Number of protein chains: 2
Amino acid sequence: MKNEYQSKLESFFSGNRRMPTYSEMMKLFDFKSKNAVFKLVKKLIDANLVAKDHLGRLVPAKSFGEVPILGFVTAGLPASAEEELLNTVSLDDMLIGKKDLTYMLEVEGDSMIEAHIEKGDMILVEKCNKARDGEIVIAEVDGEYTMKYFKEKNDKVWLEPANKNYKPIYPRQSLNVIGKLKAVIRKY
Amino acid sequence: MKNEYQSKLESFFSGNRRMPTYSEMMKLFDFKSKNAVFKLVKKLIDANLVAKDHLGRLVPAKSFGEVPILGFVTAGLPASAEEELLNTVSLDDMLIGKKDLTYMLEVEGDSMIEAHIEKGDMILVEKCNKARDGEIVIAEVDGEYTMKYFKEKNDKVWLEPANKNYKPIYPRQSLNVIGKLKAVIRKY
DNA sequence: AGTATAAGTGAACGAACGTTCACCTGTCAA
DNA sequence: TTGACAGGTGAACGTTCGTTCACTTATACT
């Protein structure tokens with residue numbers, strides 16, 4: 001499935017943020033004729049490794065920057081054997097809904113540790129100014145910013161940490177939701 | 001910093017996986033002359049919102065698909081005010097080292113719960129066949145696949161869960177490391 | 001009002017692109 | 001040996017791209 005040509009195209013694409021022209025592919029694949037490229041591209045298209053625009057321009061296949069999803073981990077890898085009938089995802093598409101409203105923060109402190117969010121984790125936050133009971137939010141309370149569970153009951157609104165060593169925060173004056181937690185990312 | 005034009009370009013790029021031609025930008029920006037586009041592009045280049053190849057072809061600025069990093073969360077957002085002097089990352093670049101060797105799995109069970117990896121989390125695994133003491137690995141022991149801490153001492157090799165309800169696994173016959181845990185991703 | 005400066009129109013042009021054509025290998029089967 | 005076919009070469013062609021030129025319209029400042 002994945003051949004030499006596609007790897008070269010992928011690395012060209014990720015390095016240059018665009019597909020190569022036929023002339024560039026001549027160098028890339030070590031051909032001496034553009035027509036050789038032309039015929040090769042036809043095959044790649046048939047194999048769904050690349051595609052063409054409505055304008056006839058070459059564009060990367062959907063799966064270009066994507067990561068295969070192989071299954072569940074305790075269930076084991078599917079025979080580790082051939083990874084064919086699987087899905088792929090682009091991490092960006094998977095994690096980012098409204099791009100303009102999304103940003104990343106690094107977690108400090110351990111107030112959300114029981115939600116399995118620890119110091120050093122990166123979080124993706126989507127800006128918004130309201131939340132529902134039980135969601136994890138970034139909020140500004142009485143002038144300070146913090147990440148907590150958002151709680152709401154009988155018109156009362158407060159924040160709760162996920163750590164029994166900390167106490168709930170009942171806003172004296174103001175509680176402004178800045179954004180919702182959309183994802184946690186931990187690098188090893 | 002971020003204007004109408006860049007948003008349109010970004011959405012065109014993420015939709016079409018390439019930059020628009022000048023003719024397409026005419027429609028996109030509602031111009032009636034290619035030269036209007038030409039002048040506009042010049043400005044976008046000066047502002048570093050897009051760039052040009054060594055071949056004179058338009059390519060997206062590096063920050064195109066990227067997410068801004070605003071700081072730490074307990075420290076609060078930097079004045080929420082203007083988000084200028086910050087970094088941005090592409091999630092793919094941030095998380096994926098060796099693309100061909102990376103895949104994704106969904107976590108089942110709670111054997112790594114004390115490492116704050118819970119059921120339903122997605123993990124990024126990079127294939128490799130050895131690991132160092134203390135790293136989290138996907139391994140095959142006596143025919144079964146599992147995610148655990150890899151332990152090694154005095155030429156002995158075994159796996160340890162991050163959950164005191166489970167016991168370490170001492171391989172009867174074989175212990176093959178399949179890959180290392182590179183990242184944990186949890187969606188909300 | 002007058003005049004710079006910026007921004008848009010419309011037509012033209014050379015260059016480079018993707019495509020096509022004709023031809024030249026190798027390789028494998030009949 | 002012959003024929004068919006896939007794969008590569010080299011040259012040619014029409015299209016469309018990015019760019020340029022000359023001109024017009026809007027905005028702002030004196």
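Convention: sequence-line order gives letters A, B, ...; per-chain numbering from 1. Treat the numbers as computed from the prediction; the structure is a model and nothing was measured.
Look at CG on B:L40: it is 13 Å from P on D:dT19, rounded to the nearest Å. The distance between atom CZ of A:F31 and atom P of D:dG10, rounded to the nearest whole Å, is 13 Å. Between the NZ atom of B:K32 and the P atom of D:dT24 there is a distance of 18 Å, rounded to whole Å. Atom CG in B:D53 sits roughly 14 Å away from atom C1' in C:dA16 (whole-Å rounding).
For C:dG10, the base has a donor-acceptor partner in the side chain of B:S33 [N/O atoms by modelled type, under 3.5 angstrom].
Under the rule for a side chain to side chain contact (heavy atoms under 4.5 Å, CB included), the partners of A:K187 that lie at least two apart in sequence or sit in another chain are B:M94, B:L95. With sequence neighbours excluded, no residue forms a salt bridge (Lys or Arg N to Asp or Glu O under 4.0 Å) with A:E152. Remark: A:D121 pairs with A:R186 by the salt bridge (Lys or Arg N to Asp or Glu O under 4.0 Å) rule, at least two apart or across chains.
The ring-ring contact (aromatic ring centres under 6.0 Å, His included) pairs that include a residue from residues 119-139 of chain B number zero, where partners must be two or more places apart or lie in different chains.
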All N/O donor-acceptor pairs, side-chain side in residues 31-39 of chain A, below 3.5 Å, sequence neighbours left out:
from: A:S33; atom 1: OG; to: A:N35; atom 2: N; distance (Å): 3.0
from: A:S33; atom 1: OG; to: A:A36; atom 2: N; distance (Å): 3.4

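Each of A:K43, A:Q6, A:M19 was scored for a side chain to side chain contact (heavy atoms under 4.5 Å, CB included) with A:V50, with one residue passing: A:M19.
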Once each nucleotide of nucleotides 17-24 of chain C is scored for protein heavy atoms under 4.0 Å, what B/S/- sequence comes out, 5' to 3'? BBBBBB--
